Amino acid sequence: MSLALDLPRNGQVRGACPHDCPDTCALVTTVADGVATRVQGNADHLHTGGVLCTKVSRYVERSYHAERLLQPLRRVGPKGSGRFEPVGWDEALDDIAARLSAIAARAPEAILPYSYAGTMGLVQGESIAARFFHALGASLLDRTICASAGAEGLTQTLGGKVGMKVEFFAEAKLILVWGGNAIASSLHFWRYAQEAKRRGARLVCIDPRRTETADKCHEHIALRPGTDAALALALMHELIVHDWLDHDYLREHTLGWEQLRERALQWPPARAAEVCGVPQEQIERLARDYGACRSGGEGGSAAIRLNYGMQRTRGGGNAVRAVASLPALIGAWRHRAGGMLLSSSGQFPVQRAALQRPDLLAGRRPRTVNMSTIGDALLHPGDAAFGPRIEAVVVYNSNPVAVAPESAKVVQGFAREDLFTVVLEQFQTDTADHADYVLPATTQLEHWDIHPSYGHTDVLLNRPAIAPLGQARPNTAIFRALAARMGLIDPCLQDDDETLSRQAFGDAVDFDALLRDGFATLALPDAPFAQGNFPSPSGRCEFFSARLAAQGLDGLPDHLPNYEAIGSSADYPLAMISPPARNFLNSSFVNVTSLRAIEGEQLLEIHPVDAAARGIADGSTVRVFNGRGSYRCRAEVSTRAREGVVNGLGIWWRKLGLDGRNVNELTSQRLTDLGRAPTFYDCLVEVEADSAAVAR
Ligand code: SF4
């Protein structure tokens with residue numbers, strides 16, 4: 001059956017939010033005379049409940065933004081100058097195809113795709129694009145920039161990106177919101193947590209920053225960045241010494257308990273308090289509350305909502321391993337309202353091989369380039385170990401010049417005059433400024449897609465509500481056109497978006513239900529690990545990972561101090577984390593005027609004591625710097641920052657910042673213990689009042 005339905009001139013169209021957010025909301029777009037007039041949450045979808053965040057409720061403003069890219073552009077000025085001329089699609093595609101073909105004929109690995117979660121959709125993400133690069137034999141991209149440390153931590157402990165169902169947080173009696181600002185970045189989980197609170201649950205927020213979420217919890221544990229594993233191990237210590245354990249669960253459904261027990265006994269609360277920079281009593285109280293929730297205990301069930309902020313330091317993978325181990329100690333998994341959730345994405349039966357067709361590599365094994373070290377990669381001259389110098393980059397669904405760490409190197413790399421760069425984009429981002437060709441891409445209102453989620457367990461279908469604006473084309477259409485011009489003849493390179501939407505889940509999801517309702521719920525047990533059955537090699541929760549040990553790594557979770565631990569540098573005494581500003585989502589929405597107006601300017605939150613020591617007044621301009629670089633922004637003197645830690649809110653487009661730079665000027669390209677991920681929150685800095693201050 002074809003899905004090639006006519007677009008409605010008037011009516012409502014069901015879709016899915018494409019953004020990098022665990023909630024994956026179901027959308028309803030109202031169309032009048034072929035124009036989208038309103039985007040709302042689908043009230044029929046349980047997890048959306050008819051509610052969208054502020055950002056996406058402005059989606060009409062974003063889609064019809066006066067600065068939408070609506071025609072192909074060709075560079076006329078120096079790299080990075082942002083000077084372009086309009087060009088026809090045929091001319092642009094012919095030239096791009098010719099230049100990529102010439103490189104592919106010599107050294108296909110010199111071509112690099114660069115993409116991430118600008119859309120979470122499987123069709124406009126890695127479908128035709130992946131097939132195209134596989135057919136070329138281009139370099140593979142290690143997509144690590146956000147979540148791979150946590151993903152690896154989960155996989156080495158539970159066996160995959162799995163967890164409790166988000167709706168059952170509403171029934172928990174103790175909820176730990178750990179390493180994330182749910183009100184800003186997981187609004188619909190927060191609604192369940194609020195429901196639990198109304199039913200008497202206790203909410204504890206664990207986060208270096210006093211977030212809006214921390215304000216609404218009963219308690220806030222403001223630990224130092226990168227010390228989460230120490231806290232988790234101390235909680236285990238208390239559970240052990242007070243025997244707040246579910247011995248049956250430990251015996252029947254875990255692996256490596258005796259070894260973990262020995263490790264945890266090295267972490268009395270006093271030691272963890274020193275490392276984490278929090279009162280010992282706070283750790284002991286949290287352990288008591290958590291222990292009261294052991295299976296059969298009086299406390300009810302305990303549920304942990306972990307988020308990705310806490311895995312952005314050197315020991316991020318181990319920290320996730322430590323936290324993911326906790327529920328098994330008290331048998332929390334026995335209850336549907338117990339356990340933990342970082343990501344549910346491993347529960348979706350995505351048919352990746354059918355979508356991405358790695359068989360098109362035809363036996364070739366291209367090198368893999370880590371997207372988190374793109375600065376170094378672009379500047380590498382090429383050698384036997386690295387492979388050929390990167391000669392061409394095709395960027396889609398990402399804005400690396402703004403979001404990748406150690407911007408100075410990233411900018412220098414993208415500014416190479418000998419680098420051929422093609423950017424598929426909706427807006428003229430910092431990365432688009434560095435392109436040779438900018439190709440206008442459709443928004444979610446204008447194309448088909450299909451979505452899993454990492455915060456719930458429903459599949460969502462996105463139907464186009466309006467025709468593509470201007471000359472914009474879906475990513476898939478652009479890669480189909482390039483493939484045809486480059487003589488790549490496998491028929492799968494011409495599959496249309498409707499076909500791709502069906503291929504994404506095959507028979508594993510009822511496509512008729514998706515067409516009818518816009519979403520379909522996976523059939524999964526309410527308490528998936530009540531009887532063990534973890535998707536790990538042993539079927540158990542693996543405190544000890546034989547797979548890690550076989551790699552010469554520690555088989556048990558441990559606390560690994562930050563590369564740039566507080567107190568380790570006299571020059572840079574402050575730790576900096578860079579959580580998202582509430583009205584932005586990574587670097588998306590920064591150019592939406594009404595949202596940027598709410599945010600005002602690029603802000604650095606600094607504690608009053610740290611501000612006073614530096615003569616920094618609230619609202620003044622400051623220079624934030626370390627050995628990698630500096631940027632200027634506005635200081636907000638606030639107890640949202642804990643003493644000794646500053647919060648550089650992100651991720652601003654560089655060109656919209658005070659001095660054309662953003663917080664990633666300071667972050668490093670060092671990688672996490674597991675998962676090869678960036679260490680954005682493992683970053684020491686100093687802050688000074690700006691002598692060249694601009695008066696507010
Ligand atoms: S960004 Fe998140 S909360 Fe906002 S509409 Fe999208 S999925 Fe929902």
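Every value quoted in this text rests on a predicted model; they were computed, and no experiment measured them. Every number for a ligand or one of its atoms is a count from 1 in the order of the listing. In what follows, residues are counted from 1 in the order of the sequence shown.
Residues satisfying the ring pair (Phe, Tyr, Trp, His ring centres under 6.0 Å) criterion with His447, sequence neighbours excluded, are absent altogether. Looking at residues two or more places apart in sequence or on another chain, you find no ring pair (Phe, Tyr, Trp, His ring centres under 6.0 Å) involving Tyr454.
Annotation for Lys165: atom NZ counts as buried by contact number, over 12 foreign heavy atoms lying within 6.0 Å.
The tally of protein N/O/S atoms under 2.8 Å from atom 8 (Fe) of ligand 1 stands at 1.
Between the side chain of Ser407 and the backbone N or O of Asn664 there is at least one donor-acceptor pair closer than 3.5 Å.
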Show me the donor-acceptor pairs within less than 3.5 Å that the side chains of residues 27-37 make with the rest of the protein, sequence neighbours left out.
| from | atom 1 | to | atom 2 | distance (Å) |
| --- | --- | --- | --- | --- |
| Thr30 | OG1 | Gln12 | NE2 | 3.2 |
| Thr37 | OG1 | Thr30 | O | 3.3 |

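Side-chain polar atoms of Gln347 and His456 form no donor-acceptor pair below 3.5 angstrom.
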